[in-house]
Protein chains: 2
Amino acid sequence: MRLQKATRCALYAILELASDPKRQLSANEIAEKYDISTNHLAKVLRSLGREGLVEAVRGAGGGYRFSGNAKRTTLLDVIRLFETVETVSAGEREPGDETAEGLALTQVTMEIEAIERATFNSITLDTMLKLVGRYRK
Amino acid sequence: MRLQKATRCALYAILELASDPKRQLSANEIAEKYDISTNHLAKVLRSLGREGLVEAVRGAGGGYRFSGNAKRTTLLDVIRLFETVETVSAGEREPGDETAEGLALTQVTMEIEAIERATFNSITLDTMLKLVGRYRK
DNA sequence: TGTAAATAGGTAACTCAGTACCGAATTGCC
DNA sequence: GGCAATTCGGTACTGAGTTACCTATTTACA
């Protein structure tokens, strides 16, 4: 479960924004809080914007605001945007895939992948924020 | 659950060898069956040899033989040799890790990792071979 | 007109896959 | 016994692809 940095950035940003949908933050403010590259984060935020999860306000005093549904959006919804979640169905064939051993192995990894997806999909931003709260204090 | 090619190679090889511990196969024979690079496979087999999972016989007519315990060795035992299985404990700190959001996220991914490990650890080579058998025929 | 996001392009670092090569051990043939 | 062929052992290296991140330019807003 090695998430890409971009994915972590995205999750940080969206959790931060979703924690108070009225608040508007610039990419810089978010980047500073989590000690990540502003440029990199900006790219990530654009992806989130395209999906309608955040809303961007351009110009002076601009920034980003959460514009999704925290109770409906799951971690998987966010992770999907940056990570290849389905290895196999993606038409990726490897040598040895058609041997009995290859098929058996693929079955096992597919089952694990399914669990991963199910887990991430069971956690909404809302429940995640509650978990975050427990670490705050 | 994207396994490296080396890991897949290793699993193919060890399953092949474990399926009949009396049989001795050269790296070349195994590589051909699974359509993978002999060089690459050789490298992998050396790692397995160092762990005592296979036994190498040098010289003409040499090759590899399974020398482990198929009922005791799990997929995790093999995967571990080629894959970083524990991201967090490996002392990997990322920016934003100490924020409440970072901690919460780490907890979730760690739980998924634990499931992965548990799954791979629950499958011995022996049970895997039975699964392989179902794909044969 | 300054600030900040949108967009595009590009690069440095790293990882992974695979190759090349040489040495050591073993076998079998002459 | 001597020698060639075979196969493993180990190191070093190369090339492709990915990841992370920066730079520069454009667009929009106050």
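Predicted model, so just to flag it, every value in this text is computed and none were measured. Just so we're on the same page: letters track the sequence lines, and every chain starts at 1.
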| Is there a donor-acceptor contact under 3.5 Å from the side chain of B:Ser67 to the main chain of B:Gly52? | yes
| message | If you assign B:Arg50 and A:Gln4 each to the DNA chain D nucleotide with the nearest heavy atom, which residue ends up on the more 5' nucleotide? | response | B:Arg50
| A:Leu48 vs A:Val78, side chain to side chain contact (heavy atoms under 4.5 Å, CB included): CA-CA, chis, key distance, verdict | CA-CA 8 Å; A:Leu48 295 176; A:Val78 179; 4.3 Å; yes
| task | Rounded off to whole Å, could you give me the CZ-to-C1' distance for the B:Arg65 and D:dC8 pair? | result | 14 Å
| query | Think A:Lys5 has a side-chain N or O under 4.0 angstrom from the OP1 or OP2 of D:dT19? | reply | no
| field | Atom pair distance, as rounded to whole Å: CG in B:Leu53 and C1' in D:dC8 | value | 17 Å
| task | Mind listing the residues from residues 23-44 of chain B sitting with a heavy atom below 4.0 Å of DNA chain C? Number order is fine. | result | B:Ser37, B:Asn39, B:His40, B:Lys43
| task | Take the protein atom CD of B:Glu83 and the nucleotide atom C1' of C:dA17, then report the distance between them rounded to whole Å. | result | 14 Å
| query | Going by heavy atoms closer than 4.0 Å, what residues in residues 55-63 of chain B are next to DNA chain C? | reply | B:Arg58, B:Gly59, B:Ala60
| task | Confirm from the modelled atom types if B:Arg46 and D:dG9 form a donor-acceptor pair under 3.5 Å, side chain to base only. | result | no
| said: Using only atom types and a distance under 3.5 Å, with no angle test, would you say the side chain of B:Gln4 pairs donor to acceptor with the backbone of B:Glu83? | reply: no
| field | A:Lys71 to A:Thr124 - nearest heavy-atom pair and separation | value | O-CG2, 3.3 Å
| Where the side chain of B:Glu16 meets the backbone of A:Glu101, is there a donor-acceptor pair that is under 3.5 Å apart? | no
| Taking atom types as modelled, is there a side-chain donor on B:Arg117 or B:Thr74 under 3.5 Å from an acceptor on the other? | no
| said: Using modelled atom types and a 3.5 Å cut-off, is there a donor and acceptor pairing between side-chain atoms of A:Arg134 and backbone atoms of B:Ala104? | reply: no
| note | Of all heavy-atom pairs linking A:Tyr64 and A:Leu17, the shortest is O-CD2, 3.4 Å
| said: Rounding to an integer number of Å, can you tell me how far A:Leu48 CG sits from C:dA5 P? | reply: 14 Å
